[in-house]
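Presented below is the structure to which this report refers.
Just so you know, these numbers use all the heavy atoms, side chains as well, and skip hydrogens, waters and symmetry mates.
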Amino acid sequence: MTANKVALKNMTEEELKEFLKSIGEKPFRGSQIFSWIYKGAKTFDDMNNIPKSLREKLEEVSYIGNIKLELALESKTDKCKKYLFELNDGNIIETVMMDYGDRITVCISNQVGCRMGCKFCASTLEGLIRNLEPWEILDQIMKVQEDTNKRVSNLVLMGSGEPLDNFENTKKFFKLVNEKNGLNIGYRHITLSTCGVVPKIYEFADLQLPINLALSLHSPFDEERKKIMPVANAYKIDDIIKACKYYIQKTNRRVTFEYSLIRGVNDSKKEADAIVKLLKGMLCHVNLIPINKVEERDFERPDKTYIYKFRDILEKNNIPATVRISMGSDIGGACGQLRRKHK
């Protein structure tokens with residue numbers, strides 16, 4: 001049982017040294033243990049340069065923090081691998097690894113389920129079950145590295161959950177993942193995706209971390225956006241754009257606007273023209289995402305001609321836009337699909 005015990009993987013190297021001091025041990029042991037954790041130690045007995053008495057003490061007051069690989073599926077169409085991990089309480093989360101040759105990108109989950117209710121996403125179908133702890137977010141990356149034997153260079157917080165709805169744990173995760181003697185992943189290689197929790201975008205901007213912000217827009221019209229994204233009832237598009245401009249000002253980072261194209265819902269010239277008006281002059285980029293089919297939803301992806309017409313309208317008006325190449329469609333590519341099928 002891990003009740004009342006602390007997770008060592010939740011600590012930076014400095015915090016681990018302080019923790020060792022607090023239990024009457026020499027701080028240098030904290031660095032040794034930190035090193036073992038990032039070498040992939042699963043038990044305290046793996047730490048063979050740590051005295052037995054200390055290992056026993058650690059066993060009483062702490063645990064390392066390991067999630068368990070439940071399932072791994074490899075795509076036959078591209079270099080994409082989807083994982084299901086089991087948490088200590090039996091909950092299941094999804095993680096995706098995308099191998100682009102020159103870099104390995106991992107898409108990580110931040111919550112079990114999600115309370116945001118976006119209509120095109122399978123993660124929200126059962127609502128929010130719980131937030132992930134920092135170490136549970138971090139360990140997804142470690143387990144992917146272990147499985148592929150490759151270093152993860154880029155991260156996207158675009159798996160299940162809304163990172164700004166689990167903001168305290170997300171902030172701590174950023175500290176952990178950036179640790180020099182840990183995974184040492186630079187902030188510029190991290191993208192956080194949000195559906196637009198406006199007050200938290202301001203808080204996130206004030207951290208002044210050079211992390212990339214991706215905003216799920218999906219419609220340039222408030223009333224239409226409300227139909228597919230319930231969060232739009234709380235935050236208007238104008239307020240979201242103001243928050244994004246504040247983020248650019250604070251971090252000097254380009255904001256990406258994610259736009260899921262849904263046939264007959266948000267894929268017409270009218271929407272493309274409205275996006276041009278909305279984003280004119282902003283340091284931004286639009287990522288057009290033809291939606292993956294979710295069985296429980298009625299939405300369909302538009303024909304290719306519609307997708308590229310939409311992109312061309314944006315580009316002709318100096319709004320940089322790309323069409324995202326869908327990866328892993330043969331292994332439950334859309335967010336939350338594989339987890340639901342497995343359950």
Is it possible for you to say whether [X] and [Y] belong to one hydrophobic cluster, with membership spreading through side-chain heavy-atom contacts below 4.5 Å?
| X | Y | answer |
| --- | --- | --- |
| Y246 | L164 | yes |
| F257 | I190 | yes |
| F44 | M11 | yes |
| Y306 | I228 | no |
| V156 | I289 | no |

Would [X] and [Y] pass as an ion pair if we require N to O under 4.0 Å?
| X | Y | value |
| --- | --- | --- |
| K42 | E146 | yes |
| K200 | E162 | no |
| K316 | D312 | no |
| E60 | K57 | no |
| R263 | D303 | yes |

Could you tell me the separation between the [atom1] atom of [X] and the [atom2] atom of [Y], rounded to the nearest 0.5 Å?
| X | Y | atom1 | atom2 | value |
| --- | --- | --- | --- | --- |
| C244 | L283 | SG | CG | 11.5 Å |
| D222 | N233 | CG | CG | 9.5 Å |
| K26 | S31 | NZ | OG | 14.5 Å |
| K17 | T12 | NZ | OG1 | 9.5 Å |
| M47 | I37 | CE | CD1 | 5.0 Å |
| D147 | K81 | CG | NZ | 3.5 Å |

Heavy-atom distance under 4.5 Å between the side chains of [X] and [Y], does that happen here?
| X | Y | value |
| --- | --- | --- |
| E94 | L84 | yes |
| R253 | I211 | no |
| R225 | H218 | no |
| L183 | V152 | no |
| L132 | L87 | yes |
| I241 | L279 | yes |
| F221 | E223 | no |

Over all atoms of both residues, closest heavy-atom pair of [X] and [Y]:
| X | Y | value |
| --- | --- | --- |
| V106 | I108 | CG1-CG2, 3.6 Å |
| Y247 | L209 | OH-O, 3.7 Å |
| I33 | L20 | CD1-CD2, 3.9 Å |
| P163 | S193 | CD-O, 3.2 Å |
| W135 | A7 | CD1-CB, 3.5 Å |
| K5 | S62 | CD-O, 3.7 Å |

For [Y], is there any backbone N or O sitting under 3.5 Å from a side-chain donor or acceptor partner on [X]?
| X | Y | value |
| --- | --- | --- |
| N178 | I185 | yes |
| E13 | E179 | no |
| R254 | H285 | no |
| Y308 | V323 | no |
| Q140 | E136 | yes |
| S160 | V112 | no |
| D139 | I67 | yes |
| D267 | L261 | no |

Worksheet item: Of the options N212, L213, L157, which is the one that meets T191 in a side chain to side chain contact (heavy atoms under 4.5 Å, CB included)?
Response: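 Single side chain to side chain contact (heavy atoms under 4.5 Å, CB included) partner of T191 among N212, L213, L157: N212.
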Item to complete: Run through T95, N66, L69 and flag the one making a side chain to side chain contact (heavy atoms under 4.5 Å, CB included) with K143.
Response: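 Exactly one candidate clears the test, N66.
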Practice prompt. Check the pair K270 / E224 against salt bridge (charged side-chain N to carboxylate O under 4.0 Å, His left out), numbers first and verdict last.
Written response: CA-CA 12 Å; K270 184 178 84 164; E224 294 306 310; over 6 Å; no
Item to complete: Evaluate the side-chain contact (heavy atoms from CB on, under 4.5 Å) criterion for residues D45 and R55: first the C-alpha distance (whole Å), next the side-chain angles of each, then the deciding distance (0.1 Å), finally the verdict.
Response: CA-CA 7 Å; D45 286 338; R55 280 183 272 148; 3.3 Å; yes
Is the number of heavy atoms from other residues, nucleotides or ligands within 6.0 Å of [atom1] ([X]) greater than 12?
| X | atom1 | answer |
| --- | --- | --- |
| D89 | CG | yes |
| K309 | NZ | no |
| K236 | NZ | no |
| D102 | CG | yes |
| K280 | NZ | yes |
| K52 | NZ | no |

Worksheet item: Strictly by modelled atom types, are E258 and N287 linked by a side-chain donor-acceptor pair under 3.5 Å?
Response: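 Judged by distance alone, the side chains do pair up.
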Discussion item. Side chains of Q32 and S35 only: does a donor on one sit below 3.5 Å from an acceptor on the other?
Written reply: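 Not at all, the side chains of Q32 and S35 share no donor-acceptor pair under 3.5 Å.
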Practice prompt. Tell me, with the steps shown, if T170 and N110 meet side-chain hydrogen bond (donor to acceptor under 3.5 Å, both in side chains).
Written response: CA-CA 8 Å; T170 299; N110 192 272; 3.1 Å; yes
Worksheet item: For the ring pair Y38 and F34, is the centre-to-centre distance below 6.0 Å?
Response: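 Yes, the ring centres sit under 6.0 Å apart.
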Fill in: side-chain hydrogen bond (donor to acceptor under 3.5 Å, both in side chains) assessment of N166 paired with Q111
CA-CA 7 Å; N166 184 20; Q111 295 175 314; 5.6 Å; no
Item to complete: Hey, could you give me each pair passing ring-ring contact (aromatic ring centres under 6.0 Å, His included) that has a residue in residues 172-193? Not counting sequence neighbours.
Response: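 Not a single pair qualifies under ring-ring contact (aromatic ring centres under 6.0 Å, His included).
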Discussion item. With side-chain hydrogen bond (donor to acceptor under 3.5 Å, both in side chains) as the criterion, how do S219 and E271 come out once you've worked through the C-alpha distance, each side chain's angles and the decisive distance to 0.1 Å?
Written reply: CA-CA 7 Å; S219 175; E271 274 91 11; 5.3 Å; no
Discussion item. Checking V198 against I240 for the side-chain contact (heavy atoms from CB on, under 4.5 Å) test, could you report, in this order, the C-alpha distance in whole Å, the side-chain angles of both residues, the deciding distance, and whether it holds?
Written reply: CA-CA 6 Å; V198 169; I240 287 169; 3.6 Å; yes
Discussion item. R311 vs T322, test: side-chain contact (heavy atoms from CB on, under 4.5 Å). Steps then yes/no.
Written reply: CA-CA 7 Å; R311 182 201 63 185; T322 47; 6.0 Å; no
